[in-house]
Amino acid sequence: MTPEEHDGSPAPLEGGQLLKDAFRRVFDGQIPNYGDYNLVVASRHGGSAGDEAGTAFVVGYRWKPAELMIAPTHLSGITGTAVPSEVNMTNLAHALQWEDGSYEVGTSVGRIFRFGLQSAPVLDVGPGSPMRLDQADDVVDFMAFMESFIAMA
């Protein structure tokens, strides 16, 4: 951050692998066959990661079989907040990318998830401790996955 960009608030700490490991632990604790999934942290549509009562989505995805696991996660303490939802070719109702770059997936039972991704979101993982998550490479891979997933929908 350059001096011109600084607004007086504390600069976010670099979270890197520490944050990735914490998100991996909470995801793995809720998902069978967890090792098969790549992970990204996504914000609910219309906000930054962590909006709406400090929650975000940890989105697990795998190419074969093509599948998403969407795990709502409370950022403070990095804990699961609800039962994760599985979206695959057996229950997929729709998948699309909006003009603003966000994604939406819906299931045949009416669950709809709309979320956006950032390459380096700043996450408030506790009082006074914003951390930057570097997931640039993961976001590129996820975007390629979603292009393929949308084509299959």
Side-chain angles (χ1 to χ4, degrees), residues 1 7 9-98 100-146 149:
M1 181 177 288
D7 63 1
S9 62
L13 301 172
E14 295 302 319
Q17 196 59 45
L18 179 69
L19 273 178
K20 285 183 179 185
D21 292 346
F23 286 117
R24 172 60 69 184
R25 276 191 303 276
V26 77
F27 184 85
D28 291 357
Q30 300 178 79
I31 310 297
N33 301 321
Y34 56 81
D36 292 344
Y37 295 91
N38 298 317
L39 301 182
V40 291
V41 176
S43 61
R44 295 173 187 267
H45 179 260
S48 59
D51 281 353
E52 295 189 31
T55 61
F57 294 130
V58 176
V59 180
Y61 66 99
R62 63 180 173 184
W63 289 83
K64 291 191 181 185
E67 180 174 63
L68 293 169
M69 285 296 258
I70 302 171
T73 303
H74 193 276
L75 292 175
S76 180
I78 306 181
T79 56
T81 63
V83 175
S85 296
E86 180 177 9
V87 183
N88 58 39
M89 293 302 117
T90 63
N91 70 348
L92 179 65
H94 71 272
L96 56 96
Q97 184 173 21
W98 291 91
D100 66 2
S102 66
Y103 294 99
E104 181 177 296
V105 293
T107 68
S108 57
V109 296
R111 301 277 326 256
I112 297 174
F113 300 93
R114 188 166 174 189
F115 54 88
L117 293 132
Q118 298 173 350
S119 295
V122 175
L123 307 173
D124 186 5
V125 294
S129 61
M131 297 185 85
R132 184 178 316 278
L133 174 64
D134 178 9
Q135 60 178 10
D137 292 340
D138 303 312
V139 167
V140 169
D141 188 56
F142 182 77
M143 290 170 65
F145 169 82
M146 284 302 295
F149 198 71

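Being a predicted model, the structure only gives us computed values, none of them experimental.
- We find the OG1-CZ distance between T79 and R25 to be 12.5 Å, quoted to the nearest 0.5 Å.
- Residues meeting the ring-ring contact (aromatic ring centres under 6.0 Å, His included) test with F57, sequence neighbours left out: F113.
- Note that OG1 of T55 is 7.0 Å distant from CG of L75, once rounded to the nearest 0.5 Å.
- Distance CE/M146 to CG/D141: 12.5 Å, rounded to 0.5 Å.
- Between F149 and A95, the shortest heavy-atom contact is CD2-CB, 4.1 Å.
- Here the CG-CD distance, from N91 to E86, works out to 6.5 Å after rounding to the nearest 0.5 Å.
- Between atom CG of residue D28 and atom CZ of residue F23 there is a gap of 13.0 Å, rounded to the nearest 0.5 Å.
- Scanning for side chain to side chain contact (heavy atoms under 4.5 Å, CB included) contacts around V125 gives L19, I78, L123, S129, M131, with sequence neighbours left out.
- A donor-acceptor contact shorter than 3.5 Å links the side chain of K20 to the backbone of D134.
- In plain terms, the two heavy atoms of L39 and G60 that are nearest each other are CD2-CA, 3.6 Å.
- Taking OG of S102 as the start and CD of Q97 as the end, the distance is 7.5 Å to the nearest 0.5 Å.
- Taking every heavy atom of both residues into account, A56 and A42 meet most closely at CB-O, 3.4 Å.
- Formation of a donor-acceptor pair under 3.5 Å by the Q30 side chain with backbone atoms of V83 is not found in this model.
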